[in-house]
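Working notes for the structure below.
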Amino acid sequence: MSKVNFLAWENLASLLEKSSFSSLLKQNLLPLGLKKNFKALSIEEQKKLLQSKVLVVGCGGLGGYVLELLARSGVGKLVFADGDTFEETNLNRQLFSTLKNLGQNKALEAKKRLQTIFPFLQLTPLDYFLTEQDLETQISQVDLVIDCLGGIGFKPVLIQKCQQKNIPIVTGAIAGFEGFLSTVLPESKAPLAFYQGSQEEGAENTLGSPASMVSLIATLQSAEAISFLRKQKFHLVNKVFYVSLTDFIFETYSL
Amino acid sequence: MLEVKCFATLHEYTPDQGKLEFTPGMTVQEVIKRLNIPLEEVKVVFVNGGHASLDTPLQDGDRIGIFPAVGGG
């Protein structure tokens with residue numbers, strides 16, 4: 001294993017005035033804030049994460065936790081979109097919402113938070129709802145997409161666009177104390193049957209969205225994403241991993 | 001006997017002890033009907049861990065999971 005030097009942010013920040021982040025990586029200089037990722041991650045895997053680019057669609061419940069976990073794992077380039085603003089009913093589960101930022105755009109607030117953790121990350125917030133046309137351009141520029149949309153309305157469009165563009169997507173959804181995730185590749189099956197019907201038909205409208213469930217599915221989506229980024233390995237292609245915290249059922253179904 | 005579990009908003013339709021009597025020739029659709037689940041609310045069914053359709057024929061001992069639309073984030 002090659003020798004790594006971890007630099008405290010103060011020192012890293014002054015080096016970054018003269019050198020690029022990628023040139024520091026080549027010299028095996030890594031941020032001290034990432035030290036406890038080792039040896040769960042190898043240096044090579046950490047470098048891969050730092051050079052990866054992920055699009056997160058939705059910065060509310062799932063999106064907030066996913067962004068936090070990807071950022072703290074050192075996924076270097078994050079593009080994240082949400083046209084919505086925080087409101088008081090988000091406080092039960094949306095990580096970046098506080099009483100102080102109600103009315104503010106979710107993507108812009110996400111950036112503010114993540115910057116305070118790792119200023120070296122390349123953060124691109126998009127403070128609008130992505131249209132099909134926006135997806136055309138955004139999807140092509142990333143290694144992976146994570147579907148954190150709330151509501152069944154737009155999820156099929158996002159998944160099908162990713163399949164057309166040949167980019168993997170980790171989709172997930174919750175309703176009450178239940179939820180699931182699945183990975184969709186261009187040629188694989190997709191759990192679109194869960195997203196059938198009108199926006200109002202989703203079980204979440206009746207059962208609500210508690211924080212433990214939202215953060216659990218977001219954690220699993222992030223873990224699946226990181227597995228792909230560090231060693232090109234997915235676990236949930238053509239599968240649905242379904243969790244019920246009501247009965248503590250964890251089940252993998254084949255699509 | 002069939003093992004039947006209904007999820008999310010359909011949870012209340014899960015039969016007592018999760019067991020439903022099997023009769024030869026039964027399909028998924030008949031299970032849904034027997035449990036009085038509104039058909040339009042059923043979006044996904046898995047039988048023995050694999051994706052199934054309404055006319056999937058069942059065998060004694062099959063495990064059936066019935067799901068509505070789920071899309072919260």
Side-chain angles (χ1 to χ4, degrees), chain A residues 57-64 66 93-94 147-156 171-180 189 191-210 213-214 217-218 221 238-240 242 244 246-247 249 251-255, chain B residues 1-22 26-73:
Chain A
V57 187
C59 304
L62 293 172
V66 163
R93 69 194 185 285
Q94 299 196 12
D147 165 22
C148 297
L149 286 166
I152 55 182
F154 198 62
K155 281 173 174 283
T171 181
I174 68 109
F177 285 112
E178 297 184 22
F180 70 90
K189 292 178 181 167
L192 294 179
F194 278 102
Y195 305 143
Q196 290 175 80
S198 63
Q199 187 86 351
E200 298 74 40
E201 282 186 73
E204 66 280 5
N205 294 304
T206 308
L207 300 176
S209 306
M213 196 64 228
V214 174
I217 295 299
Q221 285 182 289
N238 289 321
K239 290 176 187 161
V240 167
Y242 198 94
S244 165
T246 313
D247 306 313
I249 291 173
E251 190 112 41
T252 308
Y253 297 108
S254 301
L255 281 170
Chain B
M1 275 302 177
L2 301 171
E3 258 182 69
V4 185
K5 189 144 179 48
C6 305
F7 288 87
T9 40
L10 305 179
H11 193 261
E12 63 191 281
Y13 296 101
T14 299
D16 194 30
Q17 310 289 322
K19 304 278 187 197
L20 187 69
E21 199 175 327
F22 173 77
M26 251 179 137
T27 61
V28 166
Q29 182 150 8
E30 280 163 55
V31 170
I32 293 167
K33 202 171 160 191
R34 188 95 67 89
L35 296 173
N36 293 316
I37 308 172
L39 190 59
E40 67 278 8
E41 290 183 28
V42 176
K43 304 294 182 186
V44 182
V45 179
F46 293 108
V47 174
N48 300 327
H51 196 259
S53 63
L54 291 177
D55 49 12
T56 297
L58 299 172
Q59 307 289 329
D60 200 8
D62 278 351
R63 291 182 305 116
I64 301 148
I66 302 173
F67 302 78
V70 171

- Item | Interface residue of largest heavy-atom contact number with chain B, from G202(A), A218(A), A193(A), G179(A), under 4.5 Å | A193(A)

- Tell me, out of G150(A), G63(A), G60(A), G176(A), who's got the most heavy-atom pairs with chain B below 4.5 Å. G150(A)

- Item | Crowding at CD, E12(B) (>12 non-hydrogen neighbours, <6.0 Å) | yes

- Message: Between the side chains of E251(A) and K5(B), is the shortest nitrogen-to-carboxylate-oxygen separation below 4.0 Å, so that they form an ion pair?
- Response: no

- Task: Work out which heavy atom in Q196(A) is nearest to a heavy atom in A69(B); give both atom names and the distance.
- Result: O-CB, 3.6 Å

- Task: Would you check if T9(B) and L207(A) make a side-chain contact, meaning some heavy-atom pair closer than 4.5 Å?
- Result: yes

- Task: Check each atom of L149(A) against the heavy atoms of chain B and say whether the ones under 4.5 Å are side chain, backbone, both or neither.
- Result: backbone

- In terms of heavy-atom proximity below 4.5 Å to chain B, should I217(A) be classed as side chain, backbone, both, or neither? neither

- Might you confirm whether atom CZ of F177(A) has over 12 heavy atoms from other residues, nucleotides or ligands at distances under 6.0 Å? no

- Query: How long is the span from the CZ atom in F7(B) to the CD1 atom in I249(A), to the nearest 0.5 Å?
  - Reply: 4.5 Å

- Heavy atoms of F194(A) and V44(B) approach each other most closely as N-CG2, 3.6 Å

- Message: I need the E40(B) CD to E201(A) CD distance, nearest 0.5 Å.
- Response: 8.5 Å

- Item | Least distance between heavy atoms, A8(B) atom then A203(A) atom | CB-CB, 4.0 Å

- Item | Region of D147(A) that comes under 4.5 Å of a non-hydrogen atom in chain B | neither

- Between Y242(A) and F67(B), does the ring centroid distance fall short of 6.0 Å? yes

- Item | CA sep, side-chain torsions, deciding dist, call: K43(B), I152(A), side chain to side chain contact (heavy atoms under 4.5 Å, CB included) | CA-CA 12 Å; K43(B) 304 294 182 186; I152(A) 55 182; over 6 Å; no

- Item | Sub-4.5 Å side-chain heavy-atom contact between H51(B) and K189(A) | no

